[in-house]
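Have a look at the structure below, then the notes.
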Amino acid sequence: MLKTRIKILEQGNVISKEVAEYVEKVIDFMYEELPEHDMSKAEMFITHLAMATQRIYTGEVVEEPDEAIWEEILESKYFSKAEKFCKKIQ
């Protein structure tokens with residue numbers, strides 16, 4: 001399902017082939033690392049990842065969240081786990 005979403009974005013020329021290949025590798029990694037029930041929450045993340053990666057790939061500026069949202073992120077009990085995951089997919 002997640003890879004189908006990425007293929008649709010690629011076929012619609014919303015993301016490049018290179019970005020699609022990268023995001024598909026991240027999806028494979030997620031299937032290995034995350035429990036099955038967490039994958040249902042991954043759809044929005046994968047779409048955002050694909051779009052942000054495409055902006056980076058084309059040299060566009062990717063804006064950071066505003067300060068209030070960033071503070072909420074830092075206070076999340078999931079931040080440490082998300083930070084480790086982010087480092088692995090980089």
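For clarity, every value in this text was computed on a predicted model and none was experimentally measured.
- In this structure, the side chains of Phe45 and Phe85 come closer than 4.5 Å at one or more pairs of heavy atoms.
- Checked by atom type and distance alone, the side chain of Thr58 pairs as donor or acceptor with a backbone atom of Arg55 at under 3.5 Å.
- Residues Ile15 and Ile6 meet the side-chain proximity criterion, which asks for heavy atoms closer than 4.5 Å.
- Counting only heavy atoms from C-beta outward, the side chains of Glu24 and Leu2 never approach each other to under 4.5 Å.
- A heavy-atom distance below 4.5 Å is found between the side chains of Val26 and Met30.
- For the pair Asp28/Lys3, a side-chain contact is recorded, criterion being any heavy-atom separation below 4.5 Å from C-beta on.
- Side chains of Glu72 and Glu75 form no contact here, defined as non-hydrogen atoms less than 4.5 Å apart.
- How far CG of Asp66 is from CD of Glu64: 11.0 Å, rounded to the nearest 0.5 Å.
- Under the 4.5 Å side-chain criterion, counting only non-hydrogen atoms from C-beta, Val23 is in contact with Ile27.
- Ionic pairing of Glu43 and Arg5 is present here: one or more N-O contacts between side-chain nitrogen and carboxylate oxygen are shorter than 4.0 angstrom.
- Within the 4.5 Å cutoff, the side chain of Gln54 has heavy atoms near those of the Ser16 side chain.
- Between the CD atom of Glu71 and the CD1 atom of Ile73 there is a distance of 10.5 Å, given to the nearest 0.5 Å.
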